[in-house]
Q: 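One structure, pasted below without further comment.
This structure is a prediction, so every number in the text was calculated from the model and none was measured. Per chain, numbering begins at 1; letters A, B, ... match sequence-line order.
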2 protein chains.
Amino acid sequence: MLSKKTKYGIKALTYLARQENRTPVQIATISKSENISLKFLESILLTLRKNDFLGSKKGKGGGYYILKEPKDIQMAAVMRILEGPISMIPCVSLNFYEKCEDCPDENACAVHKLMAQVRDSSLEIFKNTTLADLCNC
Amino acid sequence: MLSKKTKYGIKALTYLARQENRTPVQIATISKSENISLKFLESILLTLRKNDFLGSKKGKGGGYYILKEPKDIQMAAVMRILEGPISMIPCVSLNFYEKCEDCPDENACAVHKLMAQVRDSSLEIFKNTTLADLCNC
DNA sequence: TAATTAGCCTACTATATTAATAGGGTATGC
DNA sequence: GCATACCCTATTAATATAGTAGGCTAATTA
């Protein structure tokens with residue numbers, strides 16, 4: 001299941017991508033427009049800022065704005081920051097690999113084999129889809 | 001994330017698919033072989049039996065056995081029984097659809113658009129992969 | 001420079017789900 | 001008729017998610 005964190009994060013990114021001239025938008029504005037808990041959104045935007053997707057401006061007239069061109073923001077990167085691994089199981093993860101405790105040989109494991117295929121196809125979509133594709137800009 | 005329930009269920013299915021002549025296998029045998037908690041596995045096999053993937057035989061010499069040919073068992077069906085929806089978000093689910101509370105128009109929703117693509121590609125894999133493909137039998 | 005604005009940061013809590021455990025019940029077969 | 005092995009319900013522990021609370025700090029504007 002996709003977490004609300006990721007869902008809200010993607011919605012906020014598309015909202016900001018649609019702004020012209022990178023005008024800062026206040027958290028409260030996005031919160032109201034997208035029906036997202038203000039404080040929760042605040043922490044999500046903070047994460048996106050720390051990972052160099054967003055910039056922020058303090059004080060009056062401040063807010064968040066997008067740093068890169070939407071077409072240069074791969075959804076794979078967004079997913080990994082907000083959601084974590086793209087694969088459904090750690091033993092097939094490229095960026096968050098972990099061995100299964102119960103599984104002696106992952107090359108012989110049916111689950112591993114299946115989930116590796118799913119990861120490949122999902123990853124291809126996330127890599128080939130940019131923020132620009134999602135917000136029509 | 002894939003639940004252990006699904007992971008264990010798939011492992012048990014492949015184990016049973018490899019048995020010749022549909023000889024019943026005891027829960028304890030699978031539990032030891034695959035390093036799965038016996039009681040947890042018990043409930044998983046029960047679910048698979050109730051959904052007509054497995055048959056069971058009580059008493060001495062009893063156990064579980066597979067009912068259909070492994071090549072006729074789509075992983076999509078297994079996933080839906082054990083894991084639930086294949087999509088990452090209810091609003092794009094074909095079998096477990098739910099509207100998002102916060103989203104006024106899902107056709108305009110970036111998350112919806114992205115997740116629909118991911119569901120399509122995952123579903124295709126789960127539909128085209130059978131138990132026979134996973135256990136080499 | 002003082003007041004206001006709006007992001008920054010830490011900590012806490014409520015809820016739900018998952019994973020596992022416990023314990024007894026019931027049908028089967030030798 | 002007794003041992004075997006599946007059947008079923010209930011409970012609990014651990015974990016992650018989602019949301020809340022409250023104060024701090026930097027920037028802006030008058």
Q: Taking atom C1' of C/dA6 as reference, at what distance in whole Å does atom CD1 of A/I30 sit?
A: 13 Å
Q: A/F40 has an atom CZ; how far is it from atom P of C/dT15, in whole Å?
A: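 About 16 Å, once rounded to whole Å.
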Q: May I ask you to say what A/L45 touches in the nucleic acid, namely base, sugar-phosphate or nothing, with a heavy-atom cut-off under 4.0 Å?
A: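 The residue A/L45 makes no contact with any strand.
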Q: What residues in residues 1-24 of chain B put a non-hydrogen atom under 4.0 Å from any atom of DNA chain D?
A: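 The answer is none.
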Q: Hey, does A/Y64 have a side-chain heavy atom less than 4.5 Å from the side chain of A/K57?
A: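 Side chain of A/K57 against side chain of A/Y64, heavy atoms only: no contact under 4.5 Å found.
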Q: What residues, two or more places apart in sequence or in another chain, satisfy side-chain contact (heavy atoms from CB on, under 4.5 Å) together with A/S33?
A: A/Y15
Q: Side chain of A/S37 only, heavy atoms from C-beta on: which candidate in D/dT20, C/dC8, D/dC6 is closest?
A: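 The answer is D/dT20, which lies nearest to the side chain.
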Q: Please find the pair of heavy atoms, one from A/G62 and one from A/P24, that lie closest to each other, and give the distance.
A: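 Minimum heavy-atom separation between A/G62 and A/P24: C-CB, 3.7 Å.
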Q: Check the pair A/Q19, A/I66 against side chain to side chain contact (heavy atoms under 4.5 Å, CB included), reporting the backbone distance first and the verdict last.
A: CA-CA 9 Å; A/Q19 297 303 308; A/I66 213 148; over 6 Å; no
Q: Closest heavy-atom contact between B/G84 and B/F96?
A: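 Taking every non-hydrogen atom into account, C-CE1, 3.6 Å.
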Q: For B/E83 and for B/L38, find the nucleotide of DNA chain C with the closest heavy atom, then tell me which residue's nucleotide is more 5'.
A: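 Its nearest nucleotide lies further toward 5', so the answer is B/E83.
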Q: Please find the pair of heavy atoms, one from A/L2 and one from B/M115, that lie closest to each other, and give the distance.
A: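 Where A/L2 meets B/M115 most closely, the heavy atoms are CD1-CE, 3.7 Å.
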Q: The side chain of B/Y64 is closest to which nucleotide in this list: D/dA18, D/dA5, D/dC7?
A: D/dC7
Q: Separation of A/L54 atom CG from C/dC8 atom P, in whole Å?
A: 10 Å
Q: In this structure, how many angstroms lie between the P atom of D/dT20 and the CD1 atom of A/I27, rounded?
A: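 After rounding, the gap between these two atoms is 15 Å.
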Q: Return the minimal non-hydrogen interatomic distance between A/I86 and A/M79, and the atom names on each side.
A: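 Shortest heavy-atom separation between A/I86 and A/M79 comes out as CG1-CB, 4.3 Å.
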Q: Nearest-Å distance, CG (A/L46) to C1' (D/dT25)?
A: 13 Å
Q: What's the CG-P distance between B/D102 and D/dA18, to the nearest Å?
A: 12 Å
Q: Which nucleotides of nucleotides 22-29 of chain C have their base under 4.0 Å from a protein heavy atom (B), which only their sugar-phosphate (S), and which neither (-), written as one string 5' to 3'?
A: BBB--SBS
Q: What is the distance, to the nearest angstrom, from the CD1 atom on B/I44 to the C1' atom on D/dC6?
A: 15 Å
Q: Compare all side-chain heavy atoms of B/L114 with those of A/M75 and state whether any distance is below 4.5 angstrom.
A: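 A side-chain contact under 4.5 Å exists here.
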Q: Just the rounded figure in Å: distance from C1' of C/dC8 to CG of A/L41.
A: 14 Å
Q: For B/L48 and B/G9, which heavy atoms make the closest approach, and how far apart are they?
A: CD1-O, 4.1 Å
Q: So if I take every side-chain heavy atom of B/R49 and compare against C/dA6, D/dC7, D/dA5, which nucleotide ends up nearest?
A: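 It is D/dC7.
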